[in-house]
Amino acid sequence: MHTLYIAQRELKSYFTSPLAYVVICLTQLLLGVLFFMYRGGFWQVDRATLDRLFEYAPYGLCLLVIPVVTMRLIAEEKSTGTLEMLITLPVNDWEVVLGKYLGALGLVLILILTTVIYPIAMFVWPWNLGTIDWGPVKSGYLGLGLMSAAGTAIGLLISSVTRSQVIAFFVTFATLFGLVVLTGFAGDFANRAGVGTVVNFIGFQSHMTNFARGLIDTRSVVYFLSITIFSLMIAFRALESRKWK
Amino acid sequence: MIHADRLSKVFGSYRALDNVSFEVNQGEVVGFLGPNGAGKSTTMRILTCFISPSSGGASVHGHDVFDDPLSVRRSLGYLPQRAPIYPDMTVWEYLEFVAKMRGLDASTFRSRMKKIVEVCGLAQSLGKDIGTLSHGYRQRVGLGQALVHDPPILILDEPTSDLDPNEKAELIKYIQQIGKDRTILLSTHNLNEVEQACARAIIVSKGRVVADGALEDIRAKTGRVRYVVVVDEKNALKGSAPKDKEVRELLEKMKGVERVKEIPTDDRAHAFELAGEQDGDLRGQLFRAFVEKGWVLLELRRDAQKLEDVFHELTRSDERLARGYTDEDDDDDDDGDDDDGDDEEKKG
Ligand SMILES: Nc1ncnc2c1ncn2[C@@H]1O[C@H](COP(=O)(O)OP(=O)(O)OP(=O)(O)O)[C@@H](O)[C@H]1O
Ligand SMILES: [Mg+2]
């Protein structure tokens, strides 16, 4: 219960500041540009698919949305001192970590859900541009959800080891940049060296491509879930470590 | 009810608490005093299980802070120093959040809120964003938050620091009233409040307990009493009216007088404060000396030492350290002049 109250409070506080609205509007705008203008727009891909969305969404989520949403989670509470008020209520430290995590993840998922407008608008109503294979769409969204779960957990972890939101933002950005972009490049090189699969497995993109193709690979699910659990556990330890400093 | 047993806390290489032990029983309102940095907040954070002691142990309401922090927190209301509260919530939302986290149901919460609003004076502010409240009001919300579940134990870290005199008085009154069957540990720098609300005080200095006991016992701890002498500055029975230097000289030379301090008055009188042995009484001797000089005595009083004096006495080493004194020289005032030779004004 405590976890849910904390998550609820957290989610609500995003919407009392302009942050949530700005992030949502910005994302919609970027997606719009992506769909209708960039590289000739959606129309150039002469198949009814959302590949474009699933190709670019990880960049938007990991390089903008997740760092912005997670930077304040614990860092802000530490620097303003509200953490003391929160933790001295009868709550466990893990409930605080989990509650904050769910609040932030909730916002990211809401954001992802708002992008469903695009496929619906194009293939169901008001336009009916043809029939789309819904299988890859569903698995693609599942992939985005799982990736966000992992990314948000990483952001929370980083926010829990600093008191500065700015540092939290940049470190999260850099970490996710590494996981999304660098491993992509590194994978290309590594392919030539014959260790491509390993490097690819570490990065997010190889998993996301599978999901976008309609492939739900258990290894990918396990991969994202283990990052999530592992990060949350370290965040919990980090929060707990205040006791011993 | 609150039991601290040889608490020590080390931050890096700095020992903030050093073997702090004390006990607070049910129905006691205890003032927790000490200069800045003495370790009051640190102790309270340990008691509320926000941080853990480096060694030693503590229990609150019979629950150990290591083994059962949740039960500890359930049994107490805590107001941290400076009342840090989420600025993006309204007062009502915040108190409701706290009540939910403490497991209060909606009807209990509503009925408690009546009392909270009355005690903390929050009627006008319930719908306001906490971020827009003045400091004093934020502190009131912090108090409300600590009282909302009507806990048997209250730990309040400087609850009155930002309050106006009316609200201070209201809070002290409430503390006196609920203190009869509850346990309250209250830190403050305002010693008058302690004299009003507390029967007992614990004084810490540099992480150690330097005094712990009933207020009378603490006041008696220095073994001195205080005299106040006020002499007419304009008139005398014979000769000329006394100058303050003359009065001071007379007092300083007198046997049994230990410390003479001039206290401010209007320009019609000289007022001095003296310290003397607890067992003796200097009043007769003082009166005779003034009569001999022909000076007009306006007031002569013998009190117990003020808590403030005892506080100064007991925490003096702390104070001296903070001001950078190393030897015993009391009057040395080392206001180092700042060198700002680099800031030369250039005129064109
Ligand atoms: N997290 C921390 N890290 C390092 N040092 C700390 C920390 N918290 C407190 N201290 C140090 O411990 C000492 C005691 O601090 P504490 O806040 O308990 O003092 P206090 O008695 O509450 O003072 P005040 O009257 O100013 O509130 C101080 O010297 C402080 O600098
Ligand atoms: Mg303090």
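Below, chains carry the letters A, B, ... as their sequence lines are ordered, and counting in each starts from 1. Please read these numbers as outputs of a predicted model, since none were measured by experiment.
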Heavy-atom pairs under 4.5 Å with chain A: which of B/Ala146, B/Pro84, B/Ser54, B/Ser71 has the most? B/Pro84

Could you tell me which portion of B/Phe97 (side chain, backbone, both or neither) has an atom closer than 4.5 angstrom to a non-hydrogen atom of chain A? side chain

Taking atom OG1 of A/Thr88 and atom CD1 of B/Ile51, what is their separation to the nearest 0.5 Å? 12.0 Å

Taking a cut-off of under 4.5 angstrom between non-hydrogen atoms, the residues of residues 8-41 of chain B near chain A are B/Lys9, B/Val10, B/Phe11

Taking non-hydrogen atoms and a cut-off under 4.5 angstrom, which of residues 227-245 of chain A neighbour chain B? A/Arg242, A/Lys243, A/Trp244, A/Lys245

Let me confirm one number: the OH-CD distance from A/Tyr5 to B/Glu96, rounded to the nearest 0.5 Å. 10.0 Å

Inter-residue atom distance A/Glu10.CD - B/Tyr86.OH, 0.5 Å rounding: 7.0 Å

Are the side chains of A/Ile87 and B/Arg73 in touch, meaning some heavy atoms are under 4.5 Å apart? yes

Interface moiety of A/Ser13 toward chain B, non-hydrogen atoms closer than 4.5 Å: both

Between A/Arg9 and B/Met89, is a side-chain contact (heavy atoms from CB on, under 4.5 Å) present by the stated rule, with each step listed? CA-CA 9 Å; A/Arg9 200 209 72 77; B/Met89 299 174 93; 3.4 Å; yes

Does anything in residues 91-110 of chain A get under 4.5 Å of chain B by heavy atoms, and if so which residues? A/Val91, A/Asn92

Distance-only donor-acceptor pairs under 3.5 Å for side chains of residues 55-66 of chain B, two or more places apart:
{"unit_1": "B/Asp64", "atom_1": "OD1", "unit_2": "B/Phe66", "atom_2": "N", "d": "2.7"}
{"unit_1": "B/Asp64", "atom_1": "OD1", "unit_2": "B/Asp67", "atom_2": "N", "d": "3.2"}

Mark yes when over 12 heavy atoms from residues, nucleotides or ligands other than B/Phe109 sit less than 6.0 Å from its CZ; otherwise mark no. yes

Which answer fits B/Gln81, side chain, backbone, both or neither, if we ask what part of it has an atom under 4.5 Å from a heavy atom of chain A? neither

How long is the gap from CD on A/Glu84 to CZ on B/Arg82, to the nearest 0.5 Å? 13.0 Å

Point-to-point distance, once rounded to the nearest 0.5 Å, from CG of A/Leu83 to CZ of B/Phe50: 4.5 Å

Nearest 0.5 Å, please: how far is CG in A/Leu89 from CG in B/Leu70? 10.0 Å

Measure across A/Thr16 and B/Asp88 and return the closest heavy-atom pair with its distance rounded to 0.1 Å. OG1-CB, 3.7 Å

